[in-house]
Amino acid sequence: MAFVQAPTSLWPGYTSDGTNITIPIAALDGLSAAEADAITGDWRSIMLSICSTAYSHYIGLATADRPTAFQAGAPSIQAVTSGTLIDTFKTTYSFIFNNAYCVPDIADEPV
Amino acid sequence: MSNTIIIGASSGGNTLYLTLDNTTAIGAAGGTSSAIGQALTNRANGTAAGSSIVLGAGTLIGVAVGVGDSLGSSIVAGLSLTNRADGSSIGSSTVLGSGNIITVVLSDGIAIGSSFTAGISLTNRAIGLAAGTSLAQYLVQFAGSAVGTSTVIGVADAASKFKPLDLFVGYSSDGTSITIPISSVIGLTAEEADVTTGDWREVLQAILLRAVEHHRSFTWSEQLRTYNAFGMNQLNNSTYNRYFSTTFYTHQCGANVVQEP
């Protein structure tokens, strides 16, 4: 089998109507309905779930089925042993995308 | 969507200073400082005796209220000021969010909860005082997190800092799925998002780009301790490699040992 790029391979149940994308909460690692709430939820949790899901999906693919233009590194997890965040874990997800070269635009001059 | 400060009328003899630092940004965003001053003047002069307004060089607006009923009316002026900072005429929440500081000093130990009903709201939301607590202290509110978005600097203040709608404009969730407008992420097209012919890498990259952008929009005072997002581009022959590093401070995961091979 080769790499499958359809969004449903990463997020089963994913849909798009051309204006929005919709992802089932169940397709996102560890995300709860409460965390996903638009107002009372937490976008950090959503991003954590998205990153975790992407990594899990990538690492779960057979080598031959992995994309070459995208790599997910193993998350770096460090215990925090001091400071105000003591007893938490600093967890870093890393992704690399190989994009096609394009001619960039000049940045606006600062005012 | 306006912030409301309502302070009752029975607060004679007390003094309220409302100081808005760094109002240059507010003025620059949607009007002029004099417009704010005008609004304050109108309100304060409406019913008040002993009211005064100090507009200092466009960077400091001070409202000093003297006696009697003027206090109530001047607070209405405060309402007006808030609305303007929040609304369309002068500035926007994003302007206030850029690191300006609103400092409200209420002297004389006026009890919140009596005549300063709305002061309660403001205080509680900004510094977490319980209702009825004296407001004889500084209220420092790093605007943006509240002024302009939620009704007051508010309950929603803590929550609003992380609410998904801030990350993805138009985001919604029905408790079963999350829906993200394509236009709220960066560089994603309808074709790339297509359920069968699209590419999840494009969708993921667009989401990560938006997360980095959102993180970079925080002012120094708004920076989170529990989240960091970083993106970097590097040209490598014919490809343009984009690296993303997203850090979370998390609680310990479940302690389930993996299966023996």
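The sequence lines fix the lettering, A, B, ..., with proteins before strands; numbering per chain opens at 1.
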In Å and rounded to the nearest 0.5 Å, what is the CD to CG distance from B/Gln252 to A/Asp87?
-> 9.0 Å
In Å, rounded to the nearest 0.5 Å, how long is the span from CG of B/Asp199 to OG of A/Ser9?
-> 8.5 Å
Highest number of heavy-atom pairs under 4.5 Å with chain A among B/Leu165, B/Leu204, B/Ile207, B/Ile178 belongs to B/Ile178
Portion of A/Ile77 that has a non-hydrogen atom of chain B nearer than 4.5 angstrom | neither
Quick one: what part of B/Thr197 sits under 4.5 Å from any heavy atom of chain A, side chain, backbone, both or neither?
-> backbone
Which answer fits A/Thr15, side chain, backbone, both or neither, if we ask what part of it has an atom under 4.5 Å from a heavy atom of chain B?
-> backbone
Pairing residues for B/Glu213 by the salt bridge (Lys or Arg N to Asp or Glu O under 4.0 Å) criterion, not counting sequence neighbours | B/Arg210
Scanning both residues in full, the closest heavy-atom pair of B/Arg225 with A/Leu85 reads O-CD1, 3.5 Å
Centroid-centroid distance, B/Tyr227 to A/Trp43, less than 6.0 Å | yes
Evaluate the criterion side-chain contact (heavy atoms from CB on, under 4.5 Å) for residue pair B/Ile182 and A/Ile21; output intermediate values, then yes/no.
-> CA-CA 6 Å; B/Ile182 291 174; A/Ile21 62 171; 4.0 Å; yes
With B/Trp200 as reference, evaluate A/Phe70, A/Tyr14, A/Tyr58 under the ring pair (Phe, Tyr, Trp, His ring centres under 6.0 Å) test and give the passing residue.
-> A/Phe70
Under a 4.5 Å heavy-atom cut-off, does chain B meet the side chain of A/Val80, its backbone, both or neither?
-> side chain
Answer with side chain, backbone, both or neither: which region of A/Gln71 has an atom nearer than 4.5 Å to a non-hydrogen atom of chain B?
-> neither
Do the non-hydrogen side-chain atoms of A/Cys51 and B/Leu208 ever get within less than 4.5 Å of each other?
-> yes
Chain A contact via B/Ser238 - side chain, backbone, both or neither, heavy atoms under 4.5 Å = backbone
Cut-off 4.5 Å, heavy atoms of chain B, and the answer for A/Ala69 is both
One should read off an interatomic distance between B/Lys161 NZ and A/Arg44 CZ, to the nearest 0.5 angstrom, of 9.0 Å
Between A/Ile46 and chain B, which part of the residue has a heavy atom less than 4.5 Å away: side chain, backbone, both or neither?
-> side chain
Show the numbers, then the answer: is there a side-chain contact (heavy atoms from CB on, under 4.5 Å) between A/Met47 and B/Phe248?
-> CA-CA 9 Å; A/Met47 289 308 301; B/Phe248 309 86; 4.0 Å; yes
Chain B contact via A/Thr91 - side chain, backbone, both or neither, heavy atoms under 4.5 Å | both
Measuring from A/Asn99:CG to B/Thr239:OG1, what's the distance to the nearest 0.5 Å?
-> 8.5 Å
From the list B/His251, B/Gln234, B/Met232, B/His214, the residue making the most non-hydrogen contacts under 4.5 Å with chain A is B/His214
Looking at B/Ile180, B/Asp174, B/Asn228, which has the largest count of heavy-atom pairs under 4.5 Å with chain A?
-> B/Ile180
To the nearest 0.5 Å, atom CG of B/Asp194 lies from atom CD of A/Gln5 at 10.5 Å
Evaluate the criterion side-chain contact (heavy atoms from CB on, under 4.5 Å) for residue pair B/Thr176 and A/Ile25; output intermediate values, then yes/no.
-> CA-CA 6 Å; B/Thr176 303; A/Ile25 290 174; 5.6 Å; no
Using the side-chain contact (heavy atoms from CB on, under 4.5 Å) rule, take A/Thr8 and B/Val195 through it: C-alpha gap first, then chi angles, then the decisive distance, then the call.
-> CA-CA 6 Å; A/Thr8 48; B/Val195 66; 3.4 Å; yes
Segment of A/Asp42 engaging chain B (4.5 angstrom heavy-atom cut-off) | both
Examine whether an atom of B/Thr250 lies under 4.5 Å from a heavy atom of chain A, and if so say whether it belongs to the side chain, the backbone or both; otherwise answer neither.
-> both
Could you have a look at A/Asp37, A/Thr92, A/Asp17 and say which one has the most heavy-atom pairs with chain B under 4.5 angstrom?
-> A/Thr92
Heavy-atom contact with chain A under 4.5 Å, split by part of B/Thr196 = backbone
Gap separating the OG atom of B/Ser173 from the CD1 atom of A/Ile39, nearest 0.5 angstrom = 11.0 Å
Considering non-hydrogen atoms only, spot the tightest contact between A/Glu35 and B/Pro164 and give its length.
-> O-CG, 4.2 Å
Considering all heavy atoms, the nearest B/Ala190-A/Gly18 contact | CB-O, 3.5 Å
Name the option with the most non-hydrogen atom pairs under 4.5 Å to chain B; the candidates are A/Val4, A/Asn20, A/Thr19, A/Leu10.
-> A/Asn20
Closest heavy-atom pair and its distance - B/Gly175, A/Ala33 = O-CB, 3.5 Å
Closest-packed option against chain B by number of heavy-atom pairs under 4.5 Å, given A/Thr88, A/Leu31, A/Asn98, A/Ile23 | A/Ile23
Heavy-atom contact with chain A under 4.5 Å, split by part of B/Phe168 = side chain
Shortest non-hydrogen separation from B/Ser172 to A/Ala38 and the atoms involved = CA-CB, 4.3 Å
For A/Ala36, is it the side chain, the backbone, both, or neither that has a heavy atom closer than 4.5 Å to a heavy atom of chain B?
-> both
Please report the shortest heavy-atom distance between A/Pro24 and B/Ser177, naming the atom on each side.
-> CA-OG, 3.7 Å
